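Structure first, commentary second.
This one's a predicted model, so the numbers in the text were calculated from it and none came from an experiment. The chains referred to below are lettered A, B, ... by the order of the sequence lines, with proteins before strands, and numbering in each begins at 1.
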2 protein chains.
Amino acid sequence: MDERTTGRAAGTEAPSVRLLLADDHPVVRAGLRAVLETEPGFRVVAEASSAEEAVRLAGELAPDVVLMDLQFGERMLGSEATERIASVPGGPRVLILTTYDTDTDILNAIEAGATGYLLKDAPPEELAAAVRSAAAGRTALAPAVASRLVGRMRQREAALSRRETEVLSLVAEGLSNQQISKQLFLSQATVKSHLAHIYTKLGVDSRTSAVAAATSQGIIRR
Amino acid sequence: MDERTTGRAAGTEAPSVRLLLADDHPVVRAGLRAVLETEPGFRVVAEASSAEEAVRLAGELAPDVVLMDLQFGERMLGSEATERIASVPGGPRVLILTTYDTDTDILNAIEAGATGYLLKDAPPEELAAAVRSAAAGRTALAPAVASRLVGRMRQREAALSRRETEVLSLVAEGLSNQQISKQLFLSQATVKSHLAHIYTKLGVDSRTSAVAAATSQGIIRR
DNA sequence: CGGCGCATCGATCGAAAGGTGTAACGGCGC
DNA sequence: GCGCCGTTACACCTTTCGATCGATGCGCCG
């Protein structure tokens with residue numbers, strides 16, 4: 001709530017946390033820079049506007065923490081960049097900073113090795129605290145994210161197989177069983193079979209409600 | 001790329017454009033502030049974190065331009081706030097600044113009286129230029145937005161009626177014709193009738209593809 | 001005032017989708 | 001090796017959906 005100085009004295013040797021900002025929105029990068037550089041103990045060493053650039057700069061500059069967006073323009077390589085950066089043993093911690101909070105996004109990011117997951121509507125103090133936690137190696141989750149995680153763990157049924165997800169995606173695009181069977185070189189019976197399994201797993205009983213459920217849970221995008 | 005001074009001399013009488021930033025993300029507000037205040041001729045007089053606050057501050061402070069987000073937390077009152085601010089005769093110009101660029105969003109915003117429509121991934125120069133245009137009363141559209149608009153005008157068929165949109169939304173949530181009829185106190189015949197019209201207008205032939213088409217065109221959300 | 005679009009309801013009929021049961025095959029773990 | 005799971009596939013039956021005819025009342029506009 002109230003502002004208070006950290007326990008450590010400031011004048012020792014300035015152990016600033018070195019940051020890399022990765023986001024495709026210039027405005028967001030400027031905002032993060034503004035918010036974080038006013039806080040003591042942070043130094044933004046570089047900005048990346050694409051996932052590829054983030055991976056490259058993370059390797060070259062070896063920052064302490066990478067603040068990473070999950071949505072980069074059209075392609076969603078944010079999670080992949082996270083994985084590549086986080087896989088380096090002594091490498092930077094990766095803090096995900098995104099607008100959305102779908103279950104699968106969160107899970108994927110954590111599986112990719114992210115140290116924390118923040119939402120962009122987080123207040124500056126929360127942001128700064130999370131970065132400090134990440135720099136120290138501690139996990140940092142936004143409250144909204146944390147509650148989603150436990151809810152997700154409680155009913156981990158909704159794990160569709162790769163094929164099922166593929167079928168459901170085509171359903172979401174509006175294709176009929178007929179069209180899906182042709183596109184995937186299957187019989188309609190198989191498509192129906194997949195759909196029946198999907199319905200059971202999602203607890204629904206129609207293609208449209210399956211799409212609705214999967215979309216709200218972030219299993220399929222768009 | 002390179003920094004350069006503006007053509008106008010700075011010392012005349014400082015006719016700064018007075019700005020109100022309305023966005024629910026603190027980081028974005030800070031970013032806008034950082035980007036715009038480094039440019040000469042802009043002054044941020046206030047920030048609003050909700051649509052209601054934006055309307056109130058716009059009335060009290062009478063800024064020249066309001067930079068307005070369309071998505072405020074859960075409810076989408078951004079367009080409503082735009083309408084209320086823009087309806088005042090001598091009032092501020094409203095510049096929409098959002099992440100999404102769906103057709104109906106753009107159309108609604110412009111109908112609500114917005115002077116311009118920008119995307120958050122716009123580079124700082126484009127942003128500053130748009131604000132200057134808006135302050136001068138000129139319309140400012142992001143290139144991506146402009147091209148969408150003309151494409152939209154070309155095939156303006158897809159205008160669903162209010163009732164049709166309502167039905168389609170329920171379809172998108174996964175309800176059956178039966179359930180929709182009960183929820184809207186209609187007969188299934190009427191629901192079917194609405195759907196048939198919807199299919200004709202959207203050029204599709206199934207509920208799922210109607211949802212897909214409407215979603216991609218931004219007619220329905222989520 | 002006579003259309004026109006919108007919203008409401010009805011009936012019919014064929015096609016599509018969903019429910020249930022059954023089964024084969026390959027991979028993976030205990 | 002045996003069982004579980006994912007993927008593929010088929011048959012039969014019921015329900016739902018979509019397409020195509022209708023029809024009525026209402027408000028708006030030229």
Check whether any side-chain heavy atom of [X] sits under 4.5 Å from a side-chain heavy atom of [Y], and report yes or no.
X       : Y       : value
A/Arg93 : A/Asp64 : no
A/Leu97 : B/Val27 : no
A/Leu21 : A/Leu67 : yes

Please report the distance, rounded to the nearest Å, between [atom1] in [X] and [atom2] in [N].
X        : N      : atom1 : atom2 : result
A/Arg207 : C/dA16 : CZ    : P     : 12 Å
A/His194 : D/dC10 : NE2   : C1'   : 14 Å
A/Ile198 : C/dG18 : CD1   : P     : 10 Å

Query raised in the report: If you check every side-chain atom of A/Ala196, which of C/dA7, C/dT20, D/dC17 has the closest atom?
Result: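 When the side chain of A/Ala196 is considered, C/dT20 is the closest of C/dA7, C/dT20, D/dC17.
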Report task. Output the single nucleotide from D/dG6, D/dC10, C/dC6 whose closest atom is nearest the side chain of A/Ala189. Result ->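 So the side chain of A/Ala189 is nearest to D/dC10.
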Query - 5' precedence on DNA chain C between A/Leu195 and B/His197 (nearest-nucleotide basis) - result: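 Mapping each residue to its closest nucleotide by heavy atoms, the 5'-most match is B/His197.
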Query raised in the report: Strictly by modelled atom types, are A/Thr190 and A/Ser187 linked by a side-chain donor-acceptor pair under 3.5 Å?
Result: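 Per modelled atom types, A/Thr190 and A/Ser187 side chains form a pair under 3.5 Å.
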**Report entry** Approximate separation, where rounding is to 0.5 Å, of B/Asp121 CG and B/Leu118 CG
**Finding:**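 Reported value, rounded in 0.5 Å steps: 10.0 Å.
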Query - side-chain N/O B/Thr190 vs C/dC9 OP1/OP2, d < 4.0 Å - result: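 Indeed, a polar side-chain atom of B/Thr190 lies that close.
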Query raised in the report: Is any side-chain N or O of A/Tyr199 closer than 4.0 Å to OP1 or OP2 of C/dG18?
Result: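 Yes, such a contact exists.
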**Report entry** Within residues 165-176 of chain B or reaching into it, pairs that qualify as salt bridge (charged side-chain N to carboxylate O under 4.0 Å, His left out) - sequence neighbours excluded
**Finding:**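 Qualifying pairs, neighbours excluded: B/Arg163-B/Glu166.
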**Report entry** Nucleic acid contacts - residues 163-188 of chain B versus DNA chain C, non-hydrogen atoms under 4.0 Å
**Finding:**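 Correct list: B/Arg163, B/Leu186, B/Ser187.
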